[in-house]
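Quick caveat: nothing in here was measured; it's all calculated off a predicted structure. Residues take their numbers from the sequence shown, with the count starting at 1.
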Amino acid sequence: MKRLFQSPDERILLIRNVFALNSKILQFLSILTFSLLIFDLGFNQDLDHSLLKKIFDGSLLLLALGLIIRIFSKTESYKVPRLVIEVLIILSLGIASAVNFGLIEFTNRITLANLQINDFFVNTLIFVLFIIELSKLTLSVNQLRIHPALVFILSFLVVILIGTGLLLLPNATTNGISIIDALFTSTSAVCVTGLIVVDTASDFTFMGQFIIMLLFQVGGLGMMTFTSFFGFFFKGSNSLQNQLFLKDYINEDNIGAINSTLLKIIFFTFITEGIAAFSIYHIIDSELFESSGEQVFFAIFHSISGFCNAGFSILGDGLYEVGFREEYTVHLILATAIILGGIGFPVILGYYNYFKHIVIDTKNVILTGQNYQHAPRVVNINIKLIVYTSGILLILGFISYWVFESHHTLEGLSGYGKFATTVFGSVTPRTAGFNTVDMSGLAMPTILIYLILMWIGASPGSTGGGLKTSTIAVAVLNVVSLSKGKDRVEIFKRQISNETIRKAFSVILLSFLVIGLGVFLVLLFDPQLLLIDVAFEIFSAFSTVGLSLGITGELSFGSKIVVTIIMFLGRVGTLTILVAFVRKARTLRYKYPEEGVFIT
């Protein structure tokens with residue numbers, strides 16, 4: 001033993017190996033306890049008097065000991081917030097282990113989500129630990145040496161497959177579910193679409209609804225964004241290679257600001273969803289619910305679904321459910337959450353930096369007498385295009401809905417009801433998917449306008465899908481520029497690059513090809529369906545909207561596969577798939593003679 005520690009290098013190497021082994025053990029234990037938890041909840045197995053129960057209790061204690069050992073590791077950075085959280089996790093694991101081994105008696109019978117309060121918090125703790133360890137593993141994904149676009153695609157595919165497996169658990173549904181329906185539902189949730197082939201309210205248990213909520217929360221933010229946040233926060237650092245790998249996912253050009261941008265995105269998401277949930281809970285009529293717990297879950301589920309533009313609801317008829325259709329203030333709250341989620345994180349962060357600059361410089365002018373310093377291009381052309389285009393689409397949607405629906409879905413409503421319904425009707429086709437009216441009662445002009453609004457969709461870098469506002473804006477500006485005989489596209493005293501214009505028209509062409517093929521195939525599998533209903537369904541699927549004219553549940557097996565694939569293509573982007581799989585051409589060192597082609 002003495003010879004083992006004679007060399008300082010050997011001692012350092014041994015300590016390093018111990019901490020490395022401890023990290024591996026923590027990863028294994030987190031996966032093990034999470035698997036046992038899923039087995040217990042998903043198959044309704046009683047672990048109280050079995051070997052699995054002893055393994056579960058022992059794993060909790062070992063997790064606490066492993067976390068204590070890791071705190072003394074110098075390989076990870078422990079800042080105050082992380083240290084406080086990890087200490088709380090250790091204490092919670094210790095208390096849970098003491099309760100499970102009978103060292104502490106817990107007689108409180110308060111239930112939350114059909115579980116005793118202590119079981120609920122232990123299960124939540126295990127889930128958090130699993131996410132933390134999984135997130136740390138994702139930080140090493142760049143070592144796979146594959147294209148970032150392919151990693152983006154695979155991240156969604158992996159979550160969809162995991163979600164499918166979880167929804168197939170017996171306790172996730174009331175009467176079971178087929179593989180294709182589970183895959184369709186999981187894809188719809190992860191791709192934040194909202195189309196359903198089984199009723200979320202009646203066919204899924206609380207556990208199933210909770211799984212769906214987690215899926216569209218992860219899908220709305222993006223798997224890489226979601227896990228990178230937890231991985232960075234609980235690892236304490238992020239390598240330059242990780243930062244380069246993440247910059248495209250969060251639309252951040254400044255590599256030094258990637259970690260702070262990641263934190264801002266997550267905090268803005270959770271704060272917005274929290275405010276929306278709090279507002280819904282306190283405004284909605286409590287008599288519509290059997291218990292306060294049901295009311296809390298309703299508020300949380302719909303606030304997350306709204307911000308993520310998912311369109312899922314735990315009401316049988318959506319927000320058109322009797323009693324809920326008159327909750328106009330709640331509709332406006334959800335409309336606000338939808339707009340904030342669909343406007344895009346680059347816009348939110350841009351205006352955050354802009355107002356931060358104003359506040360700081362104004363304070364300096366008042367307190368120190370310094371001259372006000374102008375910060376150029378804090379709000380760049382990308383942000384301006386998105387804001388202007390979004391505003392125009394919302395106004396056009398509001399006016400058209402008010403005009404065409406005055407004698408249809410708006411008839412008989414109060415003044416406030418007409419206003420709220422019109423606002424929501426102009427917002428929801430922008431990839432949100434909620435309905436506060438009977439969709440079969442919409443006028444034909446409204447349906448056609450909805451097709452356009454759904455096709456355009458939300459903004460880049462947002463939780464929504466669709467063609468994107470910036471894409472249609474660039475295309476329109478290019479048409480205007482050509483009509484004026486200009487040889488370039490200019491806006492806001494800036495010139496848009498030719499590469500951007502080429503990408504915009506490529507995305508538009510690919511969207512028409514996918515949508516057209518989707519309509520053709522669904523009509524081929526289900527020829528009894530009306531063309532307008534099928535077109536509406538495919539536009540909704542590709543743009544990840546979730547609105548339907550009522551045919552989703554009637555789709556055959558083949559049509560469900562088609563719509564599932566289109567939802568996936570619409571979320572990850574057709575151009576992204578081409579970039580991931582088509583070999584990139586080398587820099588061309590030649591140029592052919594230029595010749596025109598007749599375009600009329």
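Distance check: T185 OG1 to L168 CG gives 9.5 Å after rounding to the nearest 0.5 Å. I515 contributes atom CD1, which lies 7.0 Å from atom CZ of F512 (distance to the nearest 0.5 angstrom). Distance CD1/I566 to CZ/F539: 10.5 Å, rounded to 0.5 Å. F278 CZ to I283 CD1: the interatomic distance, rounded to the nearest 0.5 Å, is 9.5 Å. Here the CZ atom belonging to F268 is positioned 3.5 Å from the OG1 atom belonging to T272, to the nearest 0.5 angstrom. Between atom CG of residue L549 and atom OG of residue S540 there is a gap of 9.0 Å, rounded to the nearest 0.5 Å.
When atom types are taken as modelled, the side chain of R571 and the backbone of G219 share a donor-acceptor pair closer than 3.5 angstrom. Side chain of S188 to backbone of I196: no donor-acceptor contact under 3.5 angstrom is found. Remark: side-chain polar atoms of S390 are paired, donor with acceptor, to backbone N or O of I386 under 3.5 angstrom. Of the possible polar contacts, none joining the E405 side chain to the T422 backbone as a donor-acceptor pair under 3.5 Å is found. The backbone N or O of A172 lies less than 3.5 Å from a partner atom in the side chain of T205, making a donor-acceptor pair. Within the 3.5 Å criterion, the main-chain N or O of L169 finds no donor-acceptor partner in the side chain of N171. Without hydrogens or angle criteria, S186 side chain to A182 main chain gives no donor-acceptor distance under 3.5 Å.
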Next on the checklist: Does I561 form a side-chain contact (heavy atoms from CB on, under 4.5 Å) with F525? I'd like the steps, not just the answer.
Outcome noted: CA-CA 11 Å; I561 294 293; F525 290 120; over 6 Å; no
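Looking at T469, T389, N382 one by one, the single match for side chain to side chain donor-acceptor pair (under 3.5 Å) with S459 turns out to be T469.
The number of heavy-atom neighbours closer than 6.0 Å to CZ of F210, taken from other residues, nucleotides and ligands shown, is 12 or below. Within 6.0 Å of CD in Q528 there are more than 12 heavy atoms belonging to other residues, nucleotides or ligands.
Ring planes of F289 and F324: perpendicular class, angle over 60° (limits at 30 and 60°).
Residues F216 and F307 have side chains not in contact (no heavy-atom distance under 4.5 Å, counting atoms from C-beta outward).
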